[in-house]
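In what follows, a single structure is set out as structure tokens and then discussed.
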Amino acid sequence: MGKVLIIGAGGVGTVVAHKCAQNPDVFNEIVIASRTKSKCDAVAKAIGKPNVTTDQVDADSVPELVALLKKHKPDIVINVALPYQDLTIMDACLECGVNYLDTANYEPKDEAHFEYSWQWAYKERFEKAGLTAILGCGFDPGVSGVYTAYAAKHYFSEIETLDIVDCNAGNHGKAFATNFNPEINIREITQKGKYYENGEWIETEPQEIHKTLNYPNIGPRESYLLYHEELESLVVNFPSIKRARFWMTFGQEYLTHLRVIQNIGMASIDPIMYNGQEIVPLQFLKAVLPNPKELGENYVGETSIGCRISGKDKEGKPMTYYIYNNCSHEEAFKETGMQAVSYTTGVPAMTGAMMFLTGKWNKPGVHNVEEFDPDPFLDVLNKQGLPWHEIINGDLEL
């Protein structure tokens, strides 16, 4: 049994806390901390178990984080705060001898750019400290990497093409809302796309490449190519890959709102002066948009996320493989009070921490999820609300 510290009390943090509390044989003590302690208290109250406690921390501050870790002495930190805060939390973990897990890679606050180099640079320090850091353990990144590792282990001698497909076919009834932190979501979608082909990264304009894909139990949805961080690690860890892409669905109404937001400058991350005070337009927009944590109650429909893979099977013959999960917004809300986008990120984060605490994913250094054994992770995922399905030698449409 182990003690876990969850940093972040948004939608994903709420799901992580609920799922940890459902598994007391592994997580015997749970601490939830964020900048606003009242948010943590509300989550703890909803769970209603004595082994769930709360605290306050500014995750931008290494000294505050160090004090928090020394006070609670967790076995592992689950970082579901903002991606800007990954490095301060990793620094504090190194100083205090605590293991680390996150769901999204670091990106600087003043630039809409993300890559793993900043966190991979910590590899030697975590190795020397005998500490494990698990990077990108949400769904995508996260389960998408585990799915790829599972395909490589059980089906393929060579993976040649990888397409990660992410469809949200749900409806929350709002004119415009993002399913996770608006600041992070809009930065991700409005920057240029990028995909990997024949050893090179090819850049595209935002939403330039798109096509209709069919999703299980959902049907056809227009899907747009954008860059996602797990592509960077997957082409390193599976060097036979000749092409790797990431696709996400967006409705026309969403894209129209997004274009307007960009055209009027509200997606900008450059500070401006307003009434004698410096503000960042995108951060102001975040403050007026619906809180993703509060979308769940009226959310209907489901998500469908998976990997479509082609290559050579274990005998060297051509093979296609599609592994995916569909998750109901309504069912996620009934269980945790959160919608499926938060659920599909929070459950894998809990599962990764469980893998570490049970000794199955314990490897000093800094590692992406596909570097670990996929089997025990997927076995737990099946039992914890995210069952997966396979289609062998079907039409990948890509």
Side-chain angles (χ1 to χ4, degrees), residues 104-105 114-117 119-121 123 133-166 193-204 209 211 213 223-248 304-325 348 352 355 360-361 363 365-379 381 388-398:
N105 72 356
F114 45 86
E115 60 181 61
Y116 277 117
S117 62
Q119 291 180 277
W120 284 348
K123 184 176 179 64
I134 301 169
L135 304 185
C137 196
F139 206 109
D140 46 348
V143 176
S144 55
V146 179
Y147 280 169
T148 305
Y150 184 84
K153 179 178 178 179
H154 294 283
Y155 292 104
F156 288 90
S157 59
E158 282 187 28
I159 292 176
E160 295 174 346
T161 72
L162 167 66
D163 286 275
I164 299 167
V165 294
D166 184 328
K194 192 166 67 171
Y195 66 96
Y196 180 85
E197 190 161 28
N198 296 324
E200 295 183 356
W201 289 102
I202 299 165
E203 197 171 80
T204 72
I209 298 175
K211 67 180 300 176
L213 298 175
S223 306
Y224 295 79
L225 185 146
L226 53 91
Y227 178 63
H228 231 236
E229 64 231 54
E230 66 262 47
L231 298 180
E232 181 186 10
S233 67
L234 286 167
V235 299
V236 170
N237 289 315
F238 299 97
S240 66
I241 292 177
K242 294 182 173 67
R243 189 190 71 209
R245 302 178 295 190
F246 183 96
W247 305 81
M248 185 174 279
S304 183
I305 313 172
C307 295
R308 302 185 184 191
I309 299 169
S310 72
K312 295 183 176 68
D313 68 12
K314 298 296 185 183
E315 283 72 49
K317 298 173 184 175
M319 178 181 180
T320 66
Y321 179 70
Y322 181 17
I323 179 170
Y324 67 92
N325 162 266
M355 292 297 98
K360 297 178 179 69
W361 281 17
K363 190 193 299 185
V366 175
H367 305 282
N368 294 86
V369 294
E370 65 268 19
E371 298 175 60
F372 298 98
D373 184 2
D375 292 6
F377 183 98
L378 291 181
D379 182 53
L381 215 58
W388 46 279
H389 313 278
E390 301 171 303
I391 299 174
I392 296 172
N393 287 326
D395 179 9
L396 298 184
E397 304 180 303
L398 289 156

Which heavy atom in Y195 sits nearest to a heavy atom in T204, and how many Å separate them?
CE2-CG2, 3.9 Å

Can you measure from OG1 (T161) to CZ (R245) and round to the nearest 0.5 angstrom?
7.5 Å

Distance-only side-chain donor-acceptor flag, W247 / D166, under 3.5 Å
no

Would a 4.5 Å heavy-atom cut-off, applied to side chains only, mark Y321 and N393 as touching?
no

Which side-chain N or O atoms in residues 145-158 pair as donor and acceptor under 3.5 Å with protein atoms at least two apart or in another chain?
unit_1 : atom_1 : unit_2 : atom_2 : d
T148   : OG1    : S144   : O      : 2.8
K153   : NZ     : D373   : OD1    : 2.9
K153   : NZ     : D375   : OD2    : 3.0
H154   : NE2    : D375   : OD1    : 2.8
H154   : NE2    : D375   : OD2    : 3.1
Y155   : OH     : E390   : OE1    : 3.4
Y155   : OH     : E390   : OE2    : 2.8
S157   : OG     : K312   : O      : 3.2
S157   : OG     : D313   : O      : 2.7

Indicate yes or no: at least one non-hydrogen side-chain atom of E371 is less than 4.5 angstrom from one of W361.
no

For E160 and S240, indicate whether the former's side chain and the latter's backbone hold a donor-acceptor pair under 3.5 Å.
no

Students often mix this up, so state it plainly: with edges at 30° and 60°, are the rings of Y322 and Y324 parallel, tilted or perpendicular?
tilted

Decide yes or no on side-chain contact (heavy atoms from CB on, under 4.5 Å) for N105 and L135, but give the supporting numbers first.
CA-CA 7 Å; N105 72 356; L135 304 185; over 6 Å; no

Of all heavy-atom pairs linking H228 and F246, the shortest is ND1-CE1, 3.3 Å

Q119 side chain vs Y116 backbone, donor-acceptor pair below 3.5 Å
no

Please check this pair: side chain of K123 against backbone of H367, looking for a donor-acceptor N/O pair closer than 3.5 Å.
no

Answer whether the closest heavy-atom distance between the side chains of L162 and V235 falls below 4.5 Å.
no

Residues K194 and L231: closest non-hydrogen pair is O-CD1, 4.2 Å

Compare every heavy atom of W120 with every heavy atom of S233, then report the nearest pair and how far apart it is.
CB-CZ2, 3.7 Å

Main chain of G394, side chain of T320: is a donor-acceptor contact present, judged purely on distance under 3.5 Å?
yes

Minimal non-hydrogen separation, P348 against G138, with atom names:
CB-O, 3.0 Å

Residues in ring-ring contact (aromatic ring centres under 6.0 Å, His included) with Y196, at least two apart?
W201

Hey, are the side chains of R308 and E397 touching, using non-hydrogen atoms and a 4.5 Å cut-off?
yes

Hey, could you give me the CD1/OG distance between I209 and S223, rounded to the nearest 0.5 Å?
13.0 Å

Just wondering, do D163 and L396 contact through their side chains at under 4.5 Å, heavy atoms?
no

So, for A104 and E229, which heavy atoms are closest and what is the spacing to 0.1 Å?
CA-OE2, 3.3 Å

With distance as the sole test, does N325 use its side chain to make a donor-acceptor pair with the main-chain N or O of I305 at under 3.5 Å?
no

Between E197 (side chain) and R243 (backbone), is there a donor-acceptor pair under 3.5 Å?
no

Would you say the side chain of F377 lies within less than 4.5 Å of the side chain of C137, judging by non-hydrogen atoms?
yes

